[in-house]
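As structure tokens, the structure follows; a few thoughts come after it.
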Amino acid sequence: MRHLVLLLLWALAIPAQTATPEELSSLEGRVLNAATGEPIGKANLRLMRIGSTPESRDWLRDYSVASDSTGKFVIANIEPGKYRLHASRNGFLNFEYGAHGSQTTGAVLDLEHPQEMKDVNLRLTPYGVLTGRILDADGEAVEGAQVQFLRFQYVNGKKGLAFVGQASTNDLGEYRNYGLSPGKYYIYAQDFSGPPTLSKDKEQYVPVYYPGVTDPAGAIPIDVAAGAQASAGNMMLRKAPTVTVKGKVVVELTETVGLPSVWFSRRIGHDE
């Protein structure tokens with residue numbers, strides 16, 4: 001019995017080779033910079049089996065390699081199956097072989113029958129960076145301000161500004177957002193440093209769009225190019241007349257612990 005248990009443990013620890021060398025496939029190609037055409041070394045290539053589950057243990061047959069200094073990579077001894085090839089590298093947008101963009105699904109590589117695929121080239125787009133600084137009405141840096149980034153996208157067949165990322169300002173009022181696809185971005189900022197004051201002053205700091213307007217129709221986009229760092233410069237928060245909303249929260253569950261919270265969130269963006 002002891003020998004039988006050891007044999008079972010060994011079989012689980014070392015997946016069996018289910019294909020002969022004649023049935024195995026290979027991929028060979030290069031990773032290139034989509035903007036310059038130059039080779040990209042140290043890119044991570046992962047060949048992922050489609051439909052793999054922990055129960056089937058097919059995930060053990062994923063393959064990972066890195067490109068060399070010339071951008072070349074080779075994945076050998078690939079077992080029969082269907083795969084997708086994914087590439088990633090610091091400073092570049094993730095990409096799947098055969099995809100039409102960094103955020104789309106790539107092509108399915110059918111390797112059910114043995115093949116030697118060559119010239120499997122992947123072109124990675126260097127990502128952009130967007131920086132800026134948030135100031136208050138006195139020109140002083142605002143620490144902890146929330147900065148959101150918006151782009152026009154189609155949602156349910158309708159084009160409108162959609163949230164694509166966010167950042168917070170440091171003690172100098174500076175923010176930095178990286179990993180951006182090339183395109184035009186709108187900036188939306190608000191100060192979350194504390195609740196509104198309880199003074200009789202009806203003007204409070206309100207969320208603004210770059211370059212400092214409260215109406216999204218007056219917002220100006222910042223163009224971020226591939227591999228470039230764009231700066232929005234200084235963006236000043238504005239005070240505007242505000243109103244007070246009062247109400248009452250009724251908690252009907254008798255065993256509820258803690259105090260209820262109420263948040264008012266302004267709709268971000270606009271439809272085009």
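Values reported hereafter were calculated over all heavy atoms of this structure, with side chains retained and with hydrogens, waters and symmetry mates removed. None of the values given here were measured: they were computed from a predicted structure.
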Any side-chain heavy-atom pair of Leu180 and Phe149 under 4.5 Å: no

Asn121 side chain to Arg30 backbone, donor-acceptor under 3.5 Å: yes

Non-hydrogen side-chain atoms of Arg133 and Met235 separated by less than 4.5 Å: no

Rounded distance (nearest 0.5 Å) linking atom CZ of Phe163 with atom CZ of Arg151: 14.0 Å

From CG (Asn90) to NZ (Lys42), nearest 0.5 Å: 11.0 Å

Point-to-point distance, once rounded to the nearest 0.5 Å, from CD of Glu143 to CG of Asp136: 12.5 Å

Sub-4.5 Å side-chain heavy-atom contact between Ile187 and Val208: no

Exercise: identify the closest heavy-atom pair between His86 and Asn94: NE2-CB, 3.7 Å

Value rounded to 0.5 Å, distance of CG in Leu122 from CZ in Arg89: 14.5 Å

Single-linkage hydrophobic cluster Ile222~Tyr178, side-chain heavy atoms < 4.5 angstrom: no

Point-to-point distance, once rounded to the nearest 0.5 Å, from OG of Ser26 to CD1 of Ile75: 9.5 Å

Check: Lys239 and Val206 side chains under 4.5 Å, non-hydrogen atoms: no

Heavy-atom side-chain proximity of Asn33 to Phe92 below 4.5 angstrom: yes

Heavy-atom closest contact (Leu124 atom, Ala87 atom, distance): CD2-CB, 4.0 Å

Student check: side-chain heavy atoms of Ile134 and Tyr175 closer than 4.5 Å: yes

Closest approach of Gly144 to Thr169 (non-hydrogen atoms, all atoms of both residues): N-OG1, 2.9 Å

Taking every non-hydrogen atom, the tightest pair across Ala43 and Val31: CB-CG1, 3.9 Å

side-chain contact (heavy atoms from CB on, under 4.5 Å) between Val164 and Gln153, intermediate numbers included: CA-CA 10 Å; Val164 294; Gln153 294 181 353; 3.4 Å; yes

N/O donor-acceptor pair under 3.5 Å between Asn156 side chain and Lys158 backbone: no

Shared hydrophobic cluster for Val213 and Leu150 (ILVMFWY, side-chain gaps under 4.5 Å): yes

Pair Arg49 + Glu79, salt bridge at N-O below 4.0 Å: no

Centroid separation Tyr186 to Phe152 less than 6.0 Å: yes

Side-chain donor or acceptor of Ser67 paired with backbone N/O of Ile40 under 3.5 Å: yes

ILVMFWY network linking Val65 to Val120, side-chain heavy atoms under 4.5 angstrom: yes

Gln166 vs Val147 side-chain heavy atoms within contact, under 4.5 Å: no

Asn170 side chain to Leu172 backbone, donor-acceptor under 3.5 Å: yes

Closest non-hydrogen atom pair, Gly71 against Pro39: N-CB, 3.8 Å

Nearest non-hydrogen partners of Pro211 and Gly218, listed with the distance: CD-O, 4.2 Å

Criterion side-chain contact (heavy atoms from CB on, under 4.5 Å) on Tyr83 and Leu111, from CA distance to verdict: CA-CA 7 Å; Tyr83 298 85; Leu111 302 178; 3.9 Å; yes

Check: Leu130 main-chain N/O paired with Arg176 side-chain donor or acceptor under 3.5 Å: no

Glu116, CD: over 12 other non-hydrogen atoms inside 6.0 angstrom: no

Thr105 and Glu96: CA distance, side-chain angles, deciding distance, side-chain contact (heavy atoms from CB on, under 4.5 Å) verdict: CA-CA 7 Å; Thr105 303; Glu96 281 192 1; 3.8 Å; yes

Sub-4.5 Å side-chain heavy-atom contact between Lys118 and Leu27: no

Rounded distance [0.5 Å steps], CG in Leu47 versus CG in Leu45: 9.0 Å

